[in-house]
A.B. asks: 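Here it is, the structure, as structure tokens.
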Number of protein chains: 2
Amino acid sequence: MPSIKEVAALANVSPATVSRVMNGTAKVDEEKRERVLKAIQETGFVPNEAARTLFKRSAKIIGLVIPSIENPFFTQFSGAVERTADAHGYKVVLFNTDGEIEKEKNILQMLSAMNADGIILTTSSEGVDSDIQNCTIPVVVTDRLTKKNVADAYVHCDHYRGGRLAAEHMIENGCKHIVCLRGKQDISSARERYLGCKDMCSERDIKVQVIDCDYSFEAGLKATEEMLKTYPDADGIVACNDIVAISAYKVLHQNGIKVPEQIQLIGYDNIQLSELMTPELTTIAQPIEEIGRKAVELVLQQKENDEKEYILEPKLIIRETTKNKKNGGKG
Amino acid sequence: MPSIKEVAALANVSPATVSRVMNGTAKVDEEKRERVLKAIQETGFVPNEAARTLFKRSAKIIGLVIPSIENPFFTQFSGAVERTADAHGYKVVLFNTDGEIEKEKNILQMLSAMNADGIILTTSSEGVDSDIQNCTIPVVVTDRLTKKNVADAYVHCDHYRGGRLAAEHMIENGCKHIVCLRGKQDISSARERYLGCKDMCSERDIKVQVIDCDYSFEAGLKATEEMLKTYPDADGIVACNDIVAISAYKVLHQNGIKVPEQIQLIGYDNIQLSELMTPELTTIAQPIEEIGRKAVELVLQQKENDEKEYILEPKLIIRETTKNKKNGGKG
DNA sequence: TTTACTTTTGAAACCCGTTTCAAGATTGAT
DNA sequence: ATCAATCTTGAAACGGGTTTCAAAAGTAAA
């Protein structure tokens with residue numbers, strides 16, 4: 001509530017001097033400096049961010065745009081972004097789009113109006129490409145990709161490779177009839193994962209069937225039920241993410257199908273949940289923490305980098321829903 | 001990037017008129033109004049929030065302070081807060097304290113500097129009581145309570161009643177030897193839950209033992225292992241929250257103990273995960289959505305309400321980790 | 001047509017921290 | 001002691017919407 005003027009008056013100096021003491025932007029006579037510090041203490045002065053932002057044209061804010069706060073993957077990602085941003089002295093403002101393009105456009109505009117210093121987008125339908133391009137603040141797109149090169153940088157995990165890794169593990173564990181519960185094909189990550197899985201299977205001459213699904217639990221439930229009817233002789237499920245894999249397990253369990261003995265199951269993302277559940281889920285890990293860190297770093301270095309795309313490696317995490325040496329093929 | 005001046009110049013009116021058109025704060029000649037609208041369109045003008053905030057002393061922001069973004073309960077809560085705030089035209093800025101008092105103090109100060117319009121605190125160690133009291137913006141404390149009446153309002157679920165409900169269900173399902181995996185006793189919610197459980201058990205002459213724990217997965221794992229050694233004849237576990245219950249299940253499963261046949265298990269919170277897991281977890285539901293909604297509403301109605309405390313009812317959700325009629329006592 | 005009143009409009013003040021700029025003070029060298 | 005160079009300091013401008021206030025314009029009544 002008290003302003004810099006009151007502090008200045010109390011310390012018997014000018015507002016400029018108070019500003020200099022607070023920011024260390026210039027040397028101030030030691031005696032005056034102490035008077036200022038004392039006045040700040042006494043008044044409980046905290047500089048108004050809006051005024052500072054207005055002048056500096058920087059709110060020390062990074063906008064993080066995710067499709068849903070209730071999806072554990074994005075939540076973990078947010079944690080990583082927040083930690084890194086905090087270490088750099090930036091605040092994170094989180095926005096969900098709920099998958100709505102209109103919301104996404106509004107958010108971009110709002111962040112611009114808020115004098116945000118950068119935007120990390122994990123949710124970009126192609127409809128907002130032009131909005132991204134028009135953004136005057138740095139935009140880093142992670143996880144999901146837009147078609148054209150419209151953002152300032154991209155960070156993502158190699159989903160194609162992840163898909164191959166998943167399929168390969170299933171095949172090496174003896175699966176002969178794999179079903180892919182594949183995600184929405186207009187989302188690049190889902191498209192890539194499926195492609196990797198399909199390619200690997202055809203290279204090894206393994207049959208692969210597809211059930212369409214999206215990244216949600218409910219969709220996973222339905223897709224798995226459909227799968228049991230359509231492909232009753234399946235012996236391996238490659239799910240598009242962990243949430244879907246968990247729902248698949250639930251349906252298999254309800255139907256008395258043993259995992260991994262009768263059907264093996266692999267997820268994607270390595271969300272915390274995948275390790276908490278019983279049995280623990282075999283999955284493909286994305287280096288979430290690293291993606292978050294890299295995204296923040298890229299968004300903060302406004303200088304143009306030649307390398308605009310950072311691709312990180314996925315990793316196979318073998319746990320209990322697939323057969324493997326560790327547990328003697330039992331699961 | 002363009003300012004109101006440029007728009008005004010293009011439309012051949014004063015900045016004041018542009019402001020009036022944008023905000024509808026006064027009648028403007030229809031012809032001029034259209035010129036302004038056109039100029040806004042052409043320049044892509046978006047008013048600078050910092051300037052507006054500076055003058056209005058309101059950033060249209062609600063600060064939400066939680067102990068951890070990776071705890072699903074708080075994540076779901078954030079979702080509810082965000083939805084309600086959005087409906088009222090407010091943005092939400094999320095901060096984690098990671099349980100650190102110093103961070104919490106900084107955050108309160110920062111929100112004040114940001115010209116936030118209100119604060120929802122889910123994490124208040126008693127060390128910040130004075131900071132809350134000194135806050136000039138409305139503060140609503142939810143879920144966890146401070147000792148004294150320092151905030152402007154409180155919203156929470158009746159944890160004591162929830163504890164009773166949990167114990168009662170266990171007893172009615174035949175448990176004779178209950179172990180409570182109780183949370184940190186300096187957190188009011190954990191204290192109340194335990195108290196409710198203990199009281200109900202002693203009223204029904206049932207033995208209740210205690211293992212100390214905190215709200216995390218790792219702590220739950222350890223506590224359960226300890227429990228199996230210390231109280232091998234336990235037939236019911238009342239966990240302090242769902243995360244701990246899930247970790248308990250994991251340990252029981254690893255030890256070949258059947259749930260609910262040999263040991264029954266109940267959690268607390270009804271996080272999404274509790275329904276996703278197999279078997280589905282019996283738990284006490286907090287009306288998360290309602291707590292979030294109420295908290296936002298309270299924080300926005302700055303006028304003093306007589307009723308400063310809102311206590312919502314918990315609800316027993318019977319699923320598969322306790323014996324019950326629905327599944328013929330099998331689980 | 002003049003007087004009285006209402007409506008529309010722009011100039012200027014305002015919000016408040018930061019920075020520039022030039023004046024004033026200090027230090028150092030000669 | 002004198003001049004130059006360096007440092008410290010406050011006044012004032014700045015950022016960009018919003019609002020006040022008084023002037024200008026328009027309307028209605030007399």
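Naming: A, B, ... by sequence-line order, numbering from 1 per chain. Excluded from the calculations below are hydrogen atoms, water molecules and symmetry mates; all remaining heavy atoms, backbone and side chain alike, are included.
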A.B. asks: Can you tell me how far P of C/dC15 sits from CD of A/E6, to the nearest Å?
C.D. replies: 11 Å
A.B. asks: Taking only the side-chain nitrogens and oxygens of A/R20, find out if one of them lies under 4.0 Å from OP1 or OP2 of C/dT19.
C.D. replies: no
A.B. asks: Just how far, in rounded Å, is C1' of C/dC15 from CD of A/E49?
C.D. replies: 15 Å
A.B. asks: Calculate the interatomic distance between A/I4 atom CD1 and C/dT19 atom P; express it in whole Å.
C.D. replies: 11 Å
A.B. asks: Could you give the CG-to-P distance, from B/N48 to C/dC14, as a whole number of Å?
C.D. replies: 21 Å
A.B. asks: Quick check on C/dT18: is either OP1 or OP2 less than 4.0 Å from any side-chain nitrogen or oxygen of A/N23?
C.D. replies: yes
A.B. asks: Which residue, B/T25 or B/L54, contacts DNA chain D at a nucleotide closer to its 5' end, judged by nearest heavy atom?
C.D. replies: B/L54
A.B. asks: Do any side-chain nitrogens or oxygens of A/S14 fall under 4.0 Å of OP1 or OP2 in D/dT9?
C.D. replies: no
A.B. asks: Hey, is B/E289 close enough to B/R83 for a salt bridge, meaning N to O under 4.0 Å?
C.D. replies: yes
A.B. asks: Do A/Y215 and A/S68 get their side chains close enough for a donor-acceptor pair, meaning under 3.5 Å?
C.D. replies: no
A.B. asks: Does the side chain of B/K5 get closer than 4.0 angstrom to OP1 or OP2 of D/dG17 through an N or O atom?
C.D. replies: no
A.B. asks: Closest approach of A/P67 and A/T97, non-hydrogen atoms and distance?
C.D. replies: CA-OG1, 3.4 Å
A.B. asks: Which nucleotide, D/dT18, D/dG15, D/dA11, lies nearest any side-chain atom of A/A16?
C.D. replies: D/dA11
A.B. asks: Between B/Q286 and B/H156, does any side-chain donor sit less than 3.5 Å from a side-chain acceptor?
C.D. replies: no
A.B. asks: What is the distance, rounded to the nearest whole Å, between atom CZ of B/R33 and atom P of C/dT9?
C.D. replies: 11 Å
A.B. asks: Roughly, in whole Å, what's the span from CD1 in A/I40 to P in C/dG17?
C.D. replies: 11 Å
A.B. asks: Need one value for B/V18: base, sugar-phosphate or nothing, where a base atom within 4.0 Å counts as base even if backbone is also close, heavy atoms only.
C.D. replies: nothing
A.B. asks: Provide the closest heavy-atom pair for A/S189 versus A/D143 in the form atom of the first, atom of the second, distance.
C.D. replies: CB-O, 4.1 Å
A.B. asks: OP1, OP2 of C/dG17 versus side-chain N and O of A/K56: anything below 4.0 Å?
C.D. replies: no
A.B. asks: From C-beta outward on A/T17, which listed nucleotide comes closest to its side chain: C/dG10, D/dT9, D/dG17?
C.D. replies: D/dT9
A.B. asks: Among the nucleotides D/dG15, C/dT9, D/dG17, which one has an atom lying closest to any side-chain atom of A/R57?
C.D. replies: D/dG15
A.B. asks: For B/K27 and D/dG26, give me the distance from atom NZ to atom C1', rounded to whole Å.
C.D. replies: 14 Å
A.B. asks: Rounded to whole angstrom units, what separation is found between the NZ atom of B/K32 and the P atom of C/dT7?
C.D. replies: 16 Å
A.B. asks: Distance check: side-chain N/O of A/S3 vs OP1/OP2 of C/dC16, anything under 4.0 Å?
C.D. replies: no
